[in-house]
Every structure is written in C-alpha cells, then in structure tokens.
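Since the structure comes first, as structure tokens, the remarks are kept for the end.
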Amino acid sequence: MPPVNPPMPVYKGTLPMPAHIAKTFDNGLHNLNGKPGKNYWQNHGHYNINLTVNPPHSTIRGVEQITYFNNSPDKLDSLNMKLIVNVHVANARNANPEAGIQVDDIQANGAKVAWDNKTATTTNQKIGLAKPLMPHDSIKLNITWHYQLSQGRGREGIIDSTSFYLAYFYPRVSVYDDYQGWDLQPHTGLEFYNDFNDYVLNVTVPKNFMVWATGTLRNPNQVLQPDAAQKFQTSFTSDSTIHIATPVELANKTITAQNATNTWTFTSTNITDVALGISDHYDWDAGSVMTDDKTGRRVSMQAAFPDASQDFHRSVQNGRYSLNYFSNVWPGVQYPFEKSTAFQGFADMEYPMMMNDSHDAKNDFAFSELVQDHEQAHTYMPFYMGINESRYAFMDEGWATTFEYLIGLTEKGKKGADDFYKSFRVNGWIHRAHDKESPIITPSNEVVGRSGDNSYGKASLSYLALKDMLGDELFRKALHTYMDNWHSKHPVPWDYFYSMKNGSGKNLDWFFYNWFFTPSYIDLDLDKVEKAGNGYTLSIKNIGGFAVPFDVNVTYADGTTEAFHQTPIVWEKDQKAITVKIKAQKDAKSITLDGGIFMDANEKDNTWVAQ
C-alpha cells in the first residue's frame with residue numbers, strides 16, 4: 001500500500017506536505033514553481049496487443065508484447081503487474097476464477113517467468129526477474145492470456161449476447177513513480193493511474209462485427225465494404241451526422257468485409273490506456289468538428305448504439321458541441337486526440353477516446369448530454385494529465401464536474417445549470433452531518449465516509465471558488481500554466497497548487513490551505529447588520545469554514561433589490577469572521593447572504609430583517 005500521510009502540520013505560510021511528497025521536491029523531481037523538477041522522470045511502455053473475440057462466446061484471448069522502459073534511477077529486481085479485471089474474483093466469494101486474467105504463458109526477455117493463476121487473483125501481481133532491470137534499460141515481456149467477460153451492468157463486460165465492451169482487459173505494468181515506487185493500491189472504484197504508453201491493438205472478430213476502439217483505425221478499407229469505408233472517410237470532414245451503419249445495412253450485411261474473420265488494427269501513442277466495444281447490430285454514426293479555426297484541425301465524433309436508443313441518435317452532434325467547447329472555452333485546451341466515441345453500455349465511464357455510456361430509459365436528452373459531457377471532459381483529467389486518480393480522485397473528478405457545470409451554463413442556461421449542479425453535486429453533501437468531514441487533500445482511499453463528496457462536489461466548488469476570486473482571464477492563465485507544466489506527466493496536488501500560484505502571480509497558499517487542508521464545509525451566519533453612513537456594515541461569521549463567494553442581496557423599503565457580489569478574497573485575512581461594507585443609498589428592508597451553487601448548510605441565519 002502507498003504510505004499513509006502523517007498528520008498535517010499547522011499552516012505557517014506554506015502548504016503542508018507529507019514526507020514522501022516533500023522528498024520529491026528535495027530531490028529535484030518536483031519544483032516549488034509548479035514545474036517538473038530538473039530530475040523528473042517517468043517510465044514508459046510499448047504495447048503490441050492481439051485480441052480474439054468470438055461472440056456469443058465470452059472468452060477473450062490475448063497475446064501481447066510489452067517493451068517496458070525503466071527511466072528511473074532505480075534498479076528494479078521485479079515488476080508489478082496490474083490485472084484490473086481481477087476485481088471480479090479478488091473480493092467475490094465463490095467467484096468464477098476464469099473471470100480474472102488467466103496467464104497461459106509469460107516470458108521476460110525470452111525466459112519463462114513463474115506464474116500461478118491460483119494465487120494471482122488480486123489486481124496486483126509481482127513477478128521476479130532473472131536479471132534486474134537497470135536504470136535507462138528496457139525489458140520485453142511476452143504474455144498469452146485469456147479470461148471470461150463479466151455479466152452485469154458494469155464498466156466492462158457483456159452488454160448483450162453480441163455486444164461487448166472491453167476495458168482493463170490486458171495485463172499491464174503498473175506505474176512506478178517518484179514518490180511511492182510501485183503503485184500497489186488494489187483496484188476498486190478509484191479508477192485510473194497508468195503510464196503514458198504506445199499501443200498497437202489488433203482485434204480479431206467474426207464477419208459482420210464492428211469494432212470501436214481507442215486509437216486510429218489503420219485498415220478501414222480492409223475491414224469495411226467500399227460504401228461503408230467511404231462514409232467512414234467522409235465523416236472526418238462532415239459537420240453533419242453520417243450514418244455509417246443503419247439497421248437496413250446491418251440486416252443486408254453490407255458493412256464489414258465478408259471474410260470469416262476480420263482483424264481491426266488501431267494505433268495510439270503517448271496515451272494512458274485503450275478500450276474497445278464490439279457489436280454486430282449497433283448503429284454507427286459519425287461526424288466531425290473543427291476545433292481550431294486557425295489550423296483547420298478537425299476531431300471525429302462517433303457513436304455506436306442500438307437503433308431504439310433515441311438519446312444516442314443525438315450523440316454525434318452533442319459531442320461536436322462539447323469537443324469545440326472544451327477546446328476553445330473551458331478548459332480552452334485543444335482536445336488532444338483525433339476522435340471521441342460514445343458506445344452504449346451501462347457504466348457512464350470514461351476511457352481515452354471512448355465513453356461507455358448508458359441509455360437513458362426515459363430519453364431524457366438533457367441528462368444524456370450532460371453525462372456525455374462529463375465523460376468527455378475526463379479527457380483532460382486523467383488522460384491529458386496523468387493523474388493518480390486512485391489516490392487523488394479530486395484531481396480529476398472535481399475538474400470533470402467543473403467542466404460539466406461550465407458547459408452546462410451554455411446548454412441549459414444559468415438557472416438550469418445551477419439547479420442541476422446543486423441537486424446532483426452539492427445538496428446531498430451540504431445537508432449531511434459535518435462532524436467527520438475529511439479535508440479534500442485526504443487520499444481518496446483513506447477518506448472516512450463518502451469519498452465522492454471530496455472527489456466531486458467539494459473539489460469542484462474549490463475550483464469554481466478560485467475562478468470567482470481570480471476572474472476568468474487570470475484563472476485561465478493559471479490553469480493553462482498547470483496543464484502546460486504537467487500534461488503527459490504525473491502531477492501530485494502540490495504541483496497544481498504551485499502551478500496555479502505561479503501562473504496567477506498571486507499568493508494562493510491561504511486559499512489552498514483553507515479548501516484542501518481543513519475539514520470545512522459551507523455555513524455562513526449573518527450575525528449583525530448596522531447602518532453606517534451611506535450604507536450598511538455586515539458582520540459575518542464563517543461557521544463552516546470554507547472561503548466561499550457569496551452575494552449580499554438587499555431588498556429596499558421601496559421594494560427594489562440590489563446584489564453585491566463578494567469573491568473569496570474577502571476571507572484572505574480571516575476565514576472565521578469578516579466585516580463587509582456595502583453602499584446603499586436607500587433604507588434596506590432585508591439583507592440576505594446567498595451563495596448560489598455554494599449552498600449553505602443552514603440558511604436560517606443568512607437573513608437580516610429591519611425592525
């Protein structure tokens with residue numbers, strides 16, 4: 001297990017840091033200016049995977065060669081392999097062992113490696129090496145394996161008898177990093193931590209089966225019939241939705257090459273994972289969007305789904321909108337891949353270039369769009385930024401939630417976006433007891449109670465509070481500083497803190513300490529209101545502790561109203577109690593503190609009424 005963080009010291013003008021993280025800064029691996037240090041390194045792999053899938057049979061067979069590069073300064077006597085699909089057997093009593101990866105053969109540099117499938121039931125498996133892997137050297141692993149796809153409505157497995165979604169399906173070398181060594185954390189619902197690798201993925205399926213996967217499809221003219229291949233090609237320059245495969249064409253078997261089997265080849269570089277979906281009866285829609293007017297760059301948006309799913313018929317156009325928004329507005333960083341594919345499964349789960357999204361049975365088109373937005377937003381965290389989501393989930397789920405809200409403002413309007421965000425992301429947390437609140441910085445696997453509160457709502461509110469305080473222009477500059485510093489690398493939370501501080505040119509230590517290192521929540525108390533000259537002086541207590549923005553809403557005696565916005569900067573000197581002065585030329589009938597999406601745990605003490 002990764003080291004448990006020691007108790008945080010008292011705030012004294014710099015952000016507290018656990019010893020194993022501080023060591024990376026001392027050793028020149030990370031830097032207080034937010035950039036990777038001069039000695040920063042990370043390991044890398046080349047994966048060549050050949051997969052055979054033969055529906056309706058659920059056994060998946062694979063052969064892979066991994067070339068693993070040790071860029072660390074350490075000699076590695078063993079490797080830790082991640083077998084993520086083994087979650088189906090690791091914690092299940094009387095589980096089918098075939099639901100976990102069964103290694104038929106494994107070799108390291110041509111030498112057979114000892115492996116016992118009876119004991120390899122966890123998501124981590126150590127393998128010894130005949131010769132140590134020295135710094136700046138590489139090793140070749142050859143692995144043959146099989147497993148049975150899972151049943152049920154999960155993140156991977158059998159969707160229906162001839163539609164499968166495959167994720168976590170291959171043995172991989174786990175991350176060896178600069179602050180914890182091997183990532184030995186068991187895989188749970190805490191999702192991703194992978195190195196940036198290069199992949200060649202060959203998927204062999206029977207004729208009439210289509211394959212959608214991470215990466216560039218290298219042989220469309222070999223696996224598709226001419227008309228389908230032409231529509232596929234046209235979709236890359238089309239704003240309109242191109243229907244590559246429809247029920248009529250699928251019934252007439254005019255989509256795939258009519259060989260007994262077809263092997264679909266996909267390649268991708270500098271990416272953290274690959275996933276794929278297959279079906280012989282899903283519709284296939286595709287289009288594209290220009291994300292960069294200056295260069296004319298276009299990104300493909302594709303969707304695969306049963307024809308009856310009306311919400312998915314909108315996926316391509318919804319995706320075109322979100323790809324353009326994310327590339328040009330928030331985060332305002334070009335979508336880093338050539339395509340995005342929405343595949344109908346069960347999980348509402350993101351993978352590089354792939355989204356395994358569920359069908360909304362009520363055909364709630366607005367909700368379906370939001371789910372797709374959220375999963376697509378994950379492209380930036382944890383795939384563009386190599387977040388250790390299994391330990392610091394707030395570094396990616398919080399951002400996806402934030403981008404989901406910001407794009408929602410343009411899709412639903414402010415009231416609609418605010419109402420959804422409050423009901424779905426904040427309401428449950430803010431109205432629970434707060435006597436055992438975990439600071440956001442708490443490693444996700446150590447949070448007591450509902451870790452999702454830290455990962456989603458609270459983290460997102462911290463990012464939105466900082467945006468409110470800095471203003472859009474400066475916040476964007478700081479965010480881009482962070483993303484430029486750490487894209488295709490493995491940032492820790494302190495890299496975010498220092499990048500934002502350096503990028504904004506502001507001392508944000510007090511803000512980050514308040515939001516990430518204290519067990520706070522949101523509860524303001526309008527303790528006293530006094531008439532003062534041409535306005536009012538408000539004494540406000542911060543019972544919950546978070547440095548939140550809020551509006552002072554004044555209703556005047558004549559019935560008119562006025563709002564005075566306060567950014568979190570008002571809390572810089574004192575996060576427990578402040579005095580706010582507002583100018584008001586007329587007598588106030590009542591004054592209310594309103595946090596908007598920063599919902600208050602006790603709104604009863606937020607209003608003053610003139611006597």
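Every value quoted in this text rests on a predicted model; they were computed, and no experiment measured them.
- Residues Tyr521 and Arg432 form no side-chain contact, since every pair of their non-hydrogen atoms from C-beta on lies 4.5 Å or further apart.
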Walk me through whether Leu83 and Trp145 qualify under side chain to side chain contact (heavy atoms under 4.5 Å, CB included).
CA-CA 11 Å; Leu83 310 170; Trp145 81 99; over 6 Å; no
Pair Ser520-Glu437, side chain to side chain donor-acceptor pair (under 3.5 Å): steps then yes or no:
CA-CA 7 Å; Ser520 297; Glu437 200 74 46; over 6 Å; no
Are His487 and Tyr380 close enough, and set up right, to give a ring pair (Phe, Tyr, Trp, His ring centres under 6.0 Å), and what steps lead you there?
CA-CA 9 Å; His487 91 82; Tyr380 296 96; over 10 Å; no
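- The backbone N or O of Gly34 lies less than 3.5 Å from a partner atom in the side chain of Asn485, making a donor-acceptor pair.
- If you look at Phe266 and Trp212, their ring centroids are not closer than 6.0 Å.
- Note that NE2 of His378 and CG of Asp396 are 5.0 Å apart. Values are rounded to the nearest 0.5 Å.
- How far CG of Asp177 is from CG of Asn43: 9.5 Å, rounded to the nearest 0.5 Å.
- In this structure, the ring of Phe516 has its center less than 6.0 angstrom from the ring center of Phe497.
- Gly45 and Asn197 get closest at one heavy-atom pair: N-OD1, 2.8 Å.
- For the side chain to side chain contact (heavy atoms under 4.5 Å, CB included) with Ser460, the lone residue among Tyr405, Tyr421, Trp399 that qualifies is Tyr421.
- Two rings, from Trp330 and Phe475, have their centers less than 6.0 Å apart.
- A distance below 6.0 Å separates the ring centres of Phe192 and Phe383.
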Test side chain to side chain donor-acceptor pair (under 3.5 Å) on Asp348 and Ser358 and set out the steps.
CA-CA 6 Å; Asp348 301 331; Ser358 57; 2.8 Å; yes
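- Annotation for Asn356 and Phe346: closest pair OD1-N, 3.4 Å, computed over non-hydrogen atoms.
- Counting heavy atoms from C-beta outward, Met301 and Val289 have side chains that stay 4.5 Å or more apart.
- Side-chain atoms of Asp472 do not come within 3.5 Å of backbone N or O of Lys467 as any donor-acceptor pair.
- Between Leu474 and Lys506, some side-chain heavy-atom pair lies under the 4.5 Å cut-off.
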Carefully, step by step, assess Met469 and Leu508 under the rule side chain to side chain contact (heavy atoms under 4.5 Å, CB included).
CA-CA 10 Å; Met469 186 173 78; Leu508 302 175; 3.8 Å; yes
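- Within the 4.5 Å cutoff, the side chain of Pro171 has heavy atoms near those of the Glu64 side chain.
- Within 6.0 Å of the NZ atom in Lys422, the count of heavy atoms belonging to other residues, nucleotides or ligands exceeds 12.
- Ring to ring, Tyr335 and Phe337 are close: their centroids are under 6.0 angstrom apart.
- With ring centers used as reference points, Tyr176 lies 6.0 Å or more from Tyr68.
- Side-chain atoms of Thr518 and Gln575, non-hydrogen and from C-beta on, never get closer than 4.5 Å to each other.
- Using a 4.0 Å cut-off between a side-chain N of Lys or Arg and a carboxylate O of Asp or Glu, Asp453 and Arg450 qualify as a salt bridge.
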Check step by step if ring pair (Phe, Tyr, Trp, His ring centres under 6.0 Å) holds for Phe546 and Trp515.
CA-CA 6 Å; Phe546 273 148; Trp515 270 97; 3.9 Å; yes
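- Taking the ring centroids of Phe343 and Tyr165, they lie under the 6.0 Å cut-off.
- Salt-bridge annotation for Lys35 and Asp495: absent, with no side-chain N of the basic residue lying under 4.0 Å from a carboxylate O of the acidic one.
- The neighbour count for Lys131 NZ, taken as heavy atoms of other residues, nucleotides or ligands under 6.0 Å away, does not exceed 12.
- Ring centroids of Tyr463 and Tyr496 are separated by less than 6.0 Å, placing the two rings close together.
- When side chains are defined from C-beta on, Lys458 does not count as touching Phe394, because their heavy atoms never get closer than 4.5 Å.
- The six-membered or imidazole ring of Trp41 lies away from that of His136, with a centre-to-centre distance of 6.0 Å or more.
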If you apply the rule side chain to side chain contact (heavy atoms under 4.5 Å, CB included), what do you find for Met17 with Lys23, and how did you get there?
CA-CA 10 Å; Met17 191 182 295; Lys23 187 176 180 180; over 6 Å; no
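- Side-chain contact between Tyr147 and Val103 is absent, with no heavy-atom pair separated by less than 4.5 Å.
- Judged by distance alone, the side chain of Ser455 and the main-chain N or O of Gly452 form no donor-acceptor pair under 3.5 Å.
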What do the steps show when you test Asn86 against Thr121 for side chain to side chain donor-acceptor pair (under 3.5 Å), and what is the final call?
CA-CA 6 Å; Asn86 284 11; Thr121 58; over 6 Å; no
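- Between Tyr47 and Tyr170, the distance separating the two ring centers is shorter than 6.0 angstrom.
- For an aromatic pair to be called close, the ring centres must be under 6.0 Å apart, and His374 with Phe403 fails this.
- Under a 4.0 Å N-O distance rule, the pair Arg391/Asp183 does not qualify as a salt bridge.
- From Ser268, atom OG reaches atom NZ of Lys339 across 9.0 Å, with rounding to the nearest 0.5 Å.
- A pairwise comparison of heavy atoms in Ala478 and Ser504 identifies CB-N, 3.9 Å as the closest pair.
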Carefully, step by step, assess Thr122 and Asn124 under the rule side chain to side chain donor-acceptor pair (under 3.5 Å).
CA-CA 5 Å; Thr122 65; Asn124 289 288; 5.7 Å; no
For Tyr193 and His490, run ring pair (Phe, Tyr, Trp, His ring centres under 6.0 Å): C-alpha distance rounded to whole Å, both residues' side-chain angles, the deciding distance at 0.1 Å, then the answer.
CA-CA 9 Å; Tyr193 190 35; His490 294 311; 5.1 Å; yes
